[in-house]
Amino acid sequence: MSTQHQKVRVRIAPSPTGYLHLGTARTAVYNYLYAKHNHGRFVFRLEDTDEERSNDAYTQDIIKYLKWLGINWDEGPDIGGSYGPYRQTQKEEHYRKLANELVASKKAYFCYATQDELAKLKEDQQNSGLPSRYDNRGRFVSEKQAQEYEAEGRIPCIRLIVEEPRVVSWNDLIKGPISINTQDLGGDPVLVKSSGMAVYNFAVVVDDLDMEITDVIRGEDHIHNTAKQILIYEALGKECPRFAHAALIFDAEKQKLSKRKHGEFVHISKYEKDGYLPQALFNYLTQMSFTMSNGQEIFTQEEAIEAFDLAKVSKSPAIFDLTKLNWFNNHYLRALPANDFENLAKPYLKDLSLDKYEGPKINQMLNLIKDGLNNLSEIKEQLTYFEPKPIDLNQSEIRPILDTDSARKILRLMLENVDKFKNLDSPAAKALIDEIGLSNGFKKNKELYMPIRVALTGRLHGPDLSKIITILSGSGLVQERLENALNLTLQIKS
RNA sequence: GCCCCCAUCGUCUAGAGGCCUAGGACACCUCCCUUUCACGGAGGCGGCAGGGGUUCGAAUCCCCUUGGGGGUACCA
């Protein structure tokens with residue numbers, strides 16, 4: 001194949017009929033890695049032939065989030081390139097011209113069948129238990145009949161003549177050999193709609209030819225399209241690129257990820273908003289169906305480029321596993337330099353009333369919980385007890401810890417010494433708690449620490465107690481909460 | 001219905017006929033670290049869909065069955 005001597009050129013060709021989707025992103029990742037691995041070019045093109053559903057807001061979203069993921073293209077509608085235009089709607093004339101040439105060379109024909117006729121055909125076929133397909137009737141329309149249809153005002157579409165039966169096959173770079181009989185393709189496929197716009201399968205082939213695409217890497221939902229497209233390449237007298245079809249991404253019920261069923265969970269923007277790092281998502285998407293030979297799972301984009309190999313991409317579908325994504329994201333969050341983490345985390349504090357804290361204390365809070373985060377949107381829930389609001393101590397898990405003589409004693413002792421905690425760093429605060437406890441017969445155990453933790457946070461679990469006190473000190477909240485807890489447990493006693 | 005693709009722990013996978021008593025990761029469980037949680041460390045649970053072949057030998061090759069998925073538009 002001559003393509004083997006050419007420089008690799010691949011593309012991602014989304015249609016702007018929805019926000020950037022996990023499946024599209026994964027396909028983009030594969031194409032990008034393949035291009036970079038082979039020192040080739042990566043092209044971004046818009047397949048906007050569906051004028052009904054296309055929307056510029058979707059285009060902007062797709063571009064934004066592909067870039068967010070760290071995927072950059074060498075040519076595209078936004079940056080241009082020497083193989084443009086990169087939007088199909090700008091190539092309408094071009095497609096039509098090529099289709100007309102196919103008609104002139106008797107490889108295609110005008111088909112005057114109406115939507116109603118086709119619907120009737122389909123219905124009849126279904127009623128008689130036959131597979132529904134176009135019956136190629138338009139091939140045999142006489143010149144005279146055609147003129148009559150024209151006179152009637154019918155506007156034809158253009159269909160490709162497909163030889164049947166015949167086997168179309170290719171060696172898929174992911175799946176291996178695939179063969180499809182032309183009889184199963186549904187009849188002569190439309191090339192140009194009666195609206196004058198090229199149909200997806202035709203526009204794709206023309207574009208891939210125009211852009212000298214050497215490798216087409218896409219989802220396996222395109223396998224039958226590939227057979228049709230190979231036929232179009234042939235009719236055009238051109239050689240095909242190589243094809244690779246990746247298995248789809250499923251949900252936990254093994255259903256294809258879809259906007260309809262999964263809503264915003266398939267949108268990349270959802271993950272950005274929830275506080276997932278692009279490197280985590282990129283890493284997860286890459287390793288989901290691809291394993292490095294040494295088994296390494298955490299890797300940089302550079303390492304992925306170096307190792308990527310389509311032959312090692314799994315043939316079977318993978319279930320999108322949020323838990324595993326969380327693991328990756330936790331890893332990358334922890335790996336972030338403190339400054340970067342703080343800057344990324346700040347926006348997630350906006351729904352918390354933390355005005356009374358100074359910048360350094362805010363940063364301390366964030367670093368307190370950094371190691372346990374799956375994503376940034378978990379920050380809010382984990383820091384609520386720093387807000388100057390009352391704490392609910394009557395929860396069934398919490399209350400019994402306060403209602404003991406020993407708890408009342410330590411709370412009272414802490415209150416007596418509360419001023420001493422001001423301006424202490426956390427090791428000093430820890431030493432002071434221990435000193436207060438030990439000199440009053442406590443041991444360094446739950447009995448000493450848990451009532452304090454519960455009084456201050458209303459929770460059984462959380463970061464280091466002395467660090468919490470350090471941040472809370474100076475706000476007046478330590479004293480207020482110790483008093484509240486003590487009063488509560490004294491009330492119930494009397 | 002018809003066509004195509006796929007089939008190893010719950011999930012993602014390693015495995016290209018002997019290295020497999022099937023390896024790793026996530027999740028889960030136990031223990032350690034520790035005042036709690038998280039992080040980290042050490043263990044554990046758990047799988048070749050079924051049936052026929054081929055072979056001295058099969059998770060690996062072939063066939064059938066079953067299961068899952070995708071496609072069957074003048075959508076992309």
Side-chain angles (χ1 to χ4, degrees), chain A residues 13-18 47-50 52-54 88 111 113-115 118-119 122 125-126 129-134 155-159 172 174-176 178-181 183-187 189-201 203-204 219-227 245 247-248 250 252 254-256 284 287-298 312 314-321 323-328 330 334 368-373 382 430 433-434 437 443-450 452-454 457 459-466:
Chain A
S15 63
T17 55
E47 308 210 318
D48 53 354
T49 52
D50 185 345
E52 301 266 299
R53 295 191 295 152
S54 293
Q88 293 183 328
C111 168
T114 63
Q115 296 296 342
L118 294 176
K122 191 173 181 178
Q125 285 166 338
Q126 276 171 351
L130 294 166
S132 58
R133 54 159 294 159
Y134 174 60
I155 301 166
C157 67
I158 298 177
R159 287 183 187 266
D172 198 275
I174 292 175
K175 301 267 188 185
I178 295 180
S179 302
I180 289 168
N181 198 306
Q183 287 173 126
D184 302 316
L185 260 19
V190 172
L191 261 20
V192 175
K193 305 177 208 174
S194 46
S195 71
M197 192 52 179
V199 95
Y200 164 79
N201 276 317
V204 168
E220 68 178 338
D221 46 344
H222 284 286
I223 284 180
H224 278 72
N225 284 333
T226 297
H245 293 89
L248 305 176
F250 286 171
K254 297 192 195 282
Q255 299 295 303
K256 178 181 171 180
Y284 175 63
Q287 71 78 51
M288 185 160 56
S289 294
F290 167 76
T291 311
M292 287 199 178
S293 43
N294 63 0
Q296 185 184 342
E297 295 201 53
I298 302 260
K312 296 190 72 179
S314 173
K315 293 180 170 89
S316 40
I319 291 173
F320 185 79
D321 184 359
T323 309
K324 185 106 184 197
L325 206 214
N326 283 339
W327 177 75
F328 276 102
N330 172 266
R334 281 189 285 128
L368 231 43
I369 57 169
K370 181 182 176 187
D371 284 355
L373 290 174
Q382 295 201 28
K430 167 102 171 76
I433 296 172
D434 288 348
K443 289 177 182 154
K444 295 187 192 181
N445 60 17
K446 288 186 191 178
E447 208 176 329
L448 168 61
Y449 302 106
M450 200 48 82
I452 306 174
R453 171 181 296 284
V454 161
T457 69
R459 300 185 187 192
L460 260 17
H461 309 301
D464 188 274
L465 181 57
S466 60

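Here is how names work: the chains are called A, B, and so on, in the same order as the sequence lines, proteins then strands, and each is numbered from 1.
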Chemist: Hey, does A:I158 have a side-chain heavy atom less than 4.5 Å from the side chain of A:V190?
Modeler: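 No, every pair of side-chain atoms sits at 4.5 Å or beyond.
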
Chemist: From the options B:C39, B:U13, B:U11, select the nucleotide whose nearest atom is closest to the side chain of A:R334.
Modeler: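 Of B:C39, B:U13, B:U11, B:C39 is nearest to the side chain of A:R334.
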
Chemist: Sort me out a list of protein N/O and nucleotides 32-36 of chain B N/O pairs below 3.5 Å, or just none if empty.
Modeler:
{"residue": "B:U35", "atom": "O4", "partner": "A:D464", "partner atom": "OD2", "Å": "3.1"}
{"residue": "B:U36", "atom": "O2'", "partner": "A:L460", "partner atom": "O", "Å": "3.2"}
{"residue": "B:U36", "atom": "O2'", "partner": "A:H461", "partner atom": "ND1", "Å": "2.3"}
{"residue": "B:U36", "atom": "O2", "partner": "A:G462", "partner atom": "N", "Å": "2.8"}
{"residue": "B:U36", "atom": "O2", "partner": "A:G462", "partner atom": "O", "Å": "2.9"}
{"residue": "B:U36", "atom": "N3", "partner": "A:R453", "partner atom": "NH2", "Å": "2.9"}
{"residue": "B:U36", "atom": "N3", "partner": "A:G462", "partner atom": "O", "Å": "2.6"}

Chemist: With heavy atoms under 4.0 Å as the rule, sort A:A318 into base, sugar-phosphate or nothing.
Modeler: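 Here A:A318 touches the backbone only, sparing every base.
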
Chemist: Only counting residues at least two apart or in another chain, list the ones meeting salt bridge (Lys or Arg N to Asp or Glu O under 4.0 Å) with A:D434.
Modeler: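 Scan of A:D434 (salt bridge (Lys or Arg N to Asp or Glu O under 4.0 Å), adjacent residues dropped) gives A:K430, A:K444.
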
Chemist: Let me have a per-nucleotide readout for nucleotides 65-76 of chain B, 5' to 3', with B, S or -, counting only protein heavy atoms under 4.0 Å.
Modeler: ---SSBSS-BBB

Chemist: Check the distance between B:C39's P and A:F328's CZ and give it to me in whole angstrom.
Modeler: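 Whole-Å distance recorded here is 16 Å.
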
Chemist: Using a 4.0 Å heavy-atom cut-off across all strands, classify A:K324 as base, sugar-phosphate, or nothing.
Modeler: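 Answer is base: heavy atoms of A:K324 come under 4.0 Å of a base.
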
Chemist: In whole angstroms, how far is the C1' atom of B:C3 from the CG atom of A:N181?
Modeler: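 A:N181 atom CG is separated from B:C3 atom C1' by 9 Å.
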
Chemist: Under 3.5 Å, which protein N or O atoms sit close to an N or O of nucleotides 27-29 of chain B? Give each pair with its distance.
Modeler:
none

Chemist: B:C20 and B:G24: how far apart are their P atoms, nearest whole angstrom?
Modeler: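 Approximately 12 Å lies between the P atom of B:C20 and that of B:G24.
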
Chemist: CE of A:M288 versus P of B:C12: gap in Å, rounded?
Modeler: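 It is 10 Å, rounded to the nearest whole Å.
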
Chemist: Is A:E297 paired with A:K324 through a side-chain N to carboxylate O contact shorter than 4.0 Å?
Modeler: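 A salt bridge is present here (some side-chain N lies under 4.0 Å from a carboxylate O).
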
Chemist: Taking the P atom of each, how far is B:A14 from B:C9, in whole Å?
Modeler: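 13 Å, rounded to whole Å.
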
Chemist: OH of A:Y284 versus C1' of B:U13: gap in Å, rounded?
Modeler: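 After rounding, the gap between these two atoms is 12 Å.
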
Chemist: Could you go through A:V199 and A:V192, starting from their C-alpha distance and side-chain angles, then the distance that decides it, and tell me whether this counts as side chain to side chain contact (heavy atoms under 4.5 Å, CB included)?
Modeler: CA-CA 5 Å; A:V199 95; A:V192 175; over 6 Å; no

Chemist: What nucleic acid atoms does A:S314 come within less than 4.0 Å of, heavy atoms only: base, sugar-phosphate, or nothing?
Modeler: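 Counting heavy atoms under 4.0 Å across all strands, the contact made by A:S314 is with sugar-phosphate only.
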
Chemist: Take atom P in B:U11 and the same atom in B:C64, then report the distance between them in whole Å.
Modeler: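 My reading of the P atoms in B:U11 and B:C64 gives 27 Å.
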
Chemist: Please report the distance, rounded to the nearest Å, between CD in A:Q287 and P in B:G24.
Modeler: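 That distance rounds to 17 Å.
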
Chemist: Measure across A:R453 and A:L460 and return the closest heavy-atom pair with its distance rounded to 0.1 Å.
Modeler: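 Nearest pair, atom of A:R453 first, then A:L460: CD-O, 3.3 Å.
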
Chemist: Nearest whole Å is fine: how far is B:C26 P from A:E297 CD?
Modeler: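 After rounding, the reported distance stands at 7 Å.
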
Chemist: Looking only at heavy atoms, which two atoms of A:I174 and A:S314 are closest? And how far apart?
Modeler: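 Closest pair (atom of A:I174, atom of A:S314, distance): CG2-O, 4.1 Å.
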
Chemist: Regarding B:A38, can its base be found pairing with the side chain of A:K370 as donor and acceptor, where the two atoms are less than 3.5 Å apart?
Modeler: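 No.
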
Chemist: Does the side chain of A:I223 reach to within under 4.5 Å of the side chain of A:I180, using non-hydrogen atoms?
Modeler: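 Yes. Closest side-chain heavy atoms under 4.5 Å.
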
Chemist: Report yes if the side chains of A:L368 and A:D464 come closer than 4.5 Å at any heavy-atom pair, otherwise no.
Modeler: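 They are not in side-chain contact.
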
Chemist: Under 4.0 Å between a side-chain N/O of A:S289 and OP1 or OP2 of B:U13, yes or no?
Modeler: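 Answer yes for this pair, as a side-chain N or O of A:S289 is under 4.0 Å from OP1 or OP2.
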
Chemist: Considering residues at least two apart in sequence or located in another chain, which fulfil the salt bridge (Lys or Arg N to Asp or Glu O under 4.0 Å) criterion with A:E447?
Modeler: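 If we apply the salt bridge (Lys or Arg N to Asp or Glu O under 4.0 Å) test to A:E447, skipping adjacent residues, there are no hits.
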
Chemist: Within the structure provided, determine whether A:S293 and A:K312 are in side-chain contact (heavy-atom separation under 4.5 Å).
Modeler: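 The answer is yes, as the side chains (C-beta and beyond) meet within the 4.5 Å cut-off.
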
Chemist: Tell me every residue that passes side chain to side chain donor-acceptor pair (under 3.5 Å) with A:D172, counting only those two or more places apart in sequence or in another chain.
Modeler: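 A:D172 satisfies side chain to side chain donor-acceptor pair (under 3.5 Å) with A:W170, A:H245 only.
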
